[in-house]
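Working notes for the structure below.
Excluded from the calculations below are hydrogen atoms, water molecules and symmetry mates; all remaining heavy atoms, backbone and side chain alike, are included. Numbers here simply count residues along the sequence, with the first being 1.
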Amino acid sequence: MNKKSLSERDICSKYINPAIKNAGWNMRSQVREEVSFTDGRIIVQGKLYTRGKRKRADYILYYKPNIPIAIIEAKDNKHKVGDGMQQAIDYSEILQIPFVFTSNGDSFVFHDKTKTSGLVEQEISLEDFPSPEHLWSLYSQKEGLDKPEIQQVITQDYYLDDSGMSPRYYQQNATNRTVEAIAKGQNRILLVMATGTGKTYTAFNIIWRLWKNGIKKRILFLADRNALLTQTKNGDFSPFGNDIMHIIKNRKIDKSYQVYFALYQGLTGNEESKNAYKEFSRDFFDLVVIDECHRGSASEASAWREVLDYFDSATQIGLTATPKETKDVSNMEYFGEPVYTYSLKQGIDDGFLAPYKVVRISMNVDEGWRPTSGLIDKYGHEVEDRIYNLKDYDKHLVIDERTIEVAKKITEYLKATDRFAKTIVFCTDIDHANRMRQALINENADLVAKHWNYCVKITGDDDIGKQELDNFTDVEERFPVIATTSKMLTTGIDTKMVKFIVLEANIGSMTEFKQIVGRGTRIREADGKVYFTIMDFRKATNLFADPDFDGDPVQIYEPDESETVVPPDVEEADDNFPKDDILGDFVQPITPDITFNDEEEEVVKKYYVNNIKVSVANERVQYYGKDGKLITETLKDYTKSNITTEYKSINDFTRKWKTTESKEELMAELAENGVLIEALKEEIGSNMDPFDLICHVAYDKPPLTRKERANNVRKRDYFTKYGDTAQRILLSLLDKYEEEGILSIEKGSVLHVQPLNQMGSPVELVRAFGKNKDFEQAIRDLEDEIYKEGA
């Protein structure tokens, strides 16, 4: 058989597989074919969504399970042997794989990223494909991992999960890079992984391999939430077994376990209580893992640092989605550069994290409001005469009507989408959260009458609210739906089903902003959670444009040796036990917003005013773009730019449209390139055919409606070449196009719905045209007729 007539799959089975097998690779345990390592980016279009293409490698070769070593890109023999190398190298960068091969069945092109085999890139014969031992040796030599004691650590197996669950590629990367660093003697490790990407599961895999190997025998896992300790012990860490795991409670120490879980503040003390961690010897733990390490563990001013300093002989791994790098606090100064970073942008691009759209709303008073001379607030205090703006509202000045208007917009959105979509409203403080809860209850009185906990305040001072926290985060529980809060839900709480985040607080900290966005990034596709919406009343989403939002962490902490490190300021208080926190010990009771000086003169901290006319001044929806940034221009301009970049003229686009057999695939391709048809329809307010919509927006062509196109086809004598039954079928398909659009007539399922299913079975309908290929050609001809004038 002529090799050039073989398919790519045939080339794999007849030439590439034998070459791999003959080189000593185990085809069952070391070789995986057609590996999809991403889920495909979720592309939001109005209320709908699609998924982009998954990234798929033809082959990934593993030295041991979950330790990838090589990637192969296969092509049919019509291609040259090196075709596809650029794509394969791109995939190898994502997967952190050192060796790359391409083949068309004649030979291989071998790209050695370690540069230890001689040439960086060379052609080798099928018979010379390297063995797993050879490639592993080259990699180990390059990375300084070739000592026997290091090899013993880095080749330790992962936990074999009976359920079939295995780490995603980035979790493999994080685990392998961490274990390698520790094997080489690095004792301070920082892992940066976006919220929702499985930091705890990754930590388990790291700890399991080090524990099974015996290099780390006693482990301390530190967290800042009680719920996280139980969740971690009973969830990801359950393979260790309860006999060796222990949660430290009430500062009671038991030294008979191997894996310990504790709260930071559960080990440290104050004037009234002891430092429980000192009951352990300084060298008791071999490994300390610090979850959410941005919360202050790397701050020299923090009491938590005492624990880390005490166990300084242990290897310490910091986990965070948001490494803290300010002039006062630095995770990287303590832990060093991250050994691995997996960002929110990468997670969204891969389809593992939910994208977002942003609704930005401003009120008429947001740019500034000044009281009339001598204005008295609700409680009899004269309002200081100055200009108040967003930074002041609900912190220094409360405008009741603004709170009510915000509650109306929140409710309006929920009514237009899903009134039972889990919602978090972030407020300025506890008082604001309480007033917002009241305003939302009034706006949703119908549901509150049936379900008292439809909307609750979840803050550190409210026992009822804290009791509802578990229900709010439980994917099985419908209520509460809306939670108003200030700081309590910013971090460490797993809110899998949150679809709506409202920003009604001034957010000055990038760390806090990233954590808040992270509350919505988890995907629950089976439960209908694939994206989330951010409604911003405080211009906080301007931070999306900040280069620090999703860039790699950059250390900016460089204190002068003569300077003393000071604690973070008030704006950063969320990272050092804010008053409105889940930790009950740190909660202060609410007091009236009035303080007194030494002379007992009344000083008002917050004014409460009403009867102010408040209205929406501006409202705009922004979508997550193909470059990982919010689309700042109009969708019309954004679409025009993307289309004309790909198709220089209307003729180029028309040619592509007419020659593409599957319009659905073309629409998906366009969506990946930033052409959001459904969202564009919402913005323009049109029900045009996608072809006309694009031609109109991108090339200023007057559009035709689907009805006009269908009528133009009916006026021609196009149908007369078919028999009576075939004509009736095509006319019904044309009606279907007019009602629903071009995609509806491309699907084979159209033959199963009315009125076509009343004309006969699908087999009988196809037979009216002859054979199946004749029916398919008739559909293509009908599409050509539909778009004839559009050309």
Side-chain angles (χ1 to χ4, degrees), residues 8 11-12 16 20 31-43 51-63 66-76 79-104 108-117 119-124 129-130 135 138-139 142-143 167-174 176-177 192-194 197 338-353 355 550-552 624-629 642 645-646 668-669 671-674:
E8 180 182 301
I11 291 293
C12 291
I16 298 177
I20 298 170
V31 179
R32 290 181 61 197
E33 295 186 56
E34 298 186 317
V35 184
S36 292
F37 58 89
T38 72
D39 279 358
R41 179 168 68 95
I42 291 172
I43 303 162
R51 273 199 183 264
K53 290 183 180 178
R54 293 182 171 190
K55 288 184 172 66
R56 191 186 71 175
D58 291 329
Y59 290 85
I60 296 180
L61 276 53
Y62 298 81
Y63 180 64
N66 294 307
I67 303 179
I69 189 72
I71 188 170
I72 303 174
E73 176 68 19
K75 297 292 183 185
D76 62 41
H79 289 80
K80 294 179 181 178
V81 64
D83 285 358
M85 179 58 78
Q86 286 300 114
Q87 178 180 295
I89 291 175
D90 179 51
Y91 285 178
S92 74
E93 289 293 310
I94 296 170
L95 298 169
Q96 295 196 343
I97 290 177
F99 304 108
V100 187
F101 298 86
T102 59
S103 180
N104 65 352
F108 289 99
V109 171
F110 173 29
H111 184 97
D112 178 6
K113 291 163 66 176
T114 70
K115 303 177 184 177
T116 52
S117 63
L119 298 174
V120 174
E121 197 164 289
Q122 59 184 304
E123 187 172 351
I124 60 175
F129 192 81
L135 292 183
L138 294 178
Y139 172 70
K142 170 65 176 177
E143 297 298 326
R168 291 170 172 168
Y169 83 84
Y170 62 85
Q171 294 167 338
Q172 288 179 356
N173 289 347
N176 292 337
R177 299 298 83 79
V192 178
M193 296 173 67
T197 56
V339 298
Y340 186 70
T341 298
Y342 188 70
S343 67
L344 171 66
K345 179 180 181 297
Q346 189 64 55
I348 293 175
D349 286 348
D350 287 344
F352 297 130
L353 293 180
D550 201 42
D552 290 331
Y624 188 90
K626 62 177 182 177
D627 59 355
K629 298 178 181 179
N642 288 324
T645 299
E646 186 73 20
E669 182 183 319
E672 281 200 78
N673 289 320

Side chain of Q171, backbone of T197: donor and acceptor closer than 3.5 Å?
yes
Quick one: list whatever passes side-chain contact (heavy atoms from CB on, under 4.5 Å) with K142, sequence neighbours left out.
T114, T116
Within the 4.5 Å heavy-atom criterion, are Y91 and F37 side-chain neighbours or not?
yes
Who passes ring-ring contact (aromatic ring centres under 6.0 Å, His included) against Y340, sequence neighbours left out?
none
Check side-chain hydrogen bond (donor to acceptor under 3.5 Å, both in side chains) between E93 and all other residues, then give those that pass, not counting sequence neighbours.
K113
For I348 and P355, the nearest pair of non-hydrogen atoms, with its separation, is CG2-CB, 3.8 Å
Counterpart residues, side-chain contact (heavy atoms from CB on, under 4.5 Å), relative to A70 (two or more places apart):
L61, F99, F101, L135
Those residues at least two apart in sequence (or on a different chain) that pass salt bridge (Lys or Arg N to Asp or Glu O under 4.0 Å) with R177 are E180
Begin with the C-alpha distance, continue with both residues' side-chain angles, and end with the deciding distance and a verdict on side-chain contact (heavy atoms from CB on, under 4.5 Å) for Q122 and S117.
CA-CA 10 Å; Q122 59 184 304; S117 63; 4.1 Å; yes
Those residues that, when tested against K75, pass salt bridge (Lys or Arg N to Asp or Glu O under 4.0 Å) (two or more places apart)
E73
Which residues satisfy the side-chain contact (heavy atoms from CB on, under 4.5 Å) test with N104, sequence neighbours excluded?
N77, V81, D106
Once salt bridge (Lys or Arg N to Asp or Glu O under 4.0 Å) is applied, do any residues pair with D39, and if so which ones, sequence neighbours excluded?
none
Which atom of V100 lies closest to which atom of A88, heavy atoms considered
CG1-CB, 3.4 Å
Non-hydrogen side-chain atoms of D58 and I16 separated by less than 4.5 Å
no
Are the side chains of T102 and D83 in touch, meaning some heavy atoms are under 4.5 Å apart?
no
With sequence neighbours excluded, residues passing salt bridge (Lys or Arg N to Asp or Glu O under 4.0 Å) with R56:
E34
Between Y169 and D350, is any pair of side-chain heavy atoms under 4.5 Å apart?
yes
Roughly how far, to the nearest 0.5 Å, is OH of Y62 from CD of Q172?
5.5 Å
Those residues that, when tested against Y170, pass side-chain hydrogen bond (donor to acceptor under 3.5 Å, both in side chains) (two or more places apart)
R168
Taking only residues two or more places apart in sequence or in another chain, which ones pass ring-ring contact (aromatic ring centres under 6.0 Å, His included) with Y59?
none
Heavy-atom closest contact (A174 atom, M193 atom, distance)
CB-SD, 4.1 Å
Looking at OG of S343 and CG of D349, how far apart are the two atoms once the value is rounded to the nearest 0.5 Å?
7.5 Å
Nearest 0.5 Å please: distance from the CD atom of E8 over to the OG atom of S103.
10.5 Å
Parallel, tilted or perpendicular: which fits the ring planes of F108 and F129, with parallel below 30° and perpendicular above 60°?
tilted
Nearest 0.5 Å please: distance from the NZ atom of K55 over to the CD1 atom of I94.
5.0 Å
Apply side-chain contact (heavy atoms from CB on, under 4.5 Å) to K626 and list each qualifying residue two or more places apart in sequence or on a separate chain.
R41, Y638, N642
Please check this pair: side chain of N176 against backbone of N66, looking for a donor-acceptor N/O pair closer than 3.5 Å.
yes
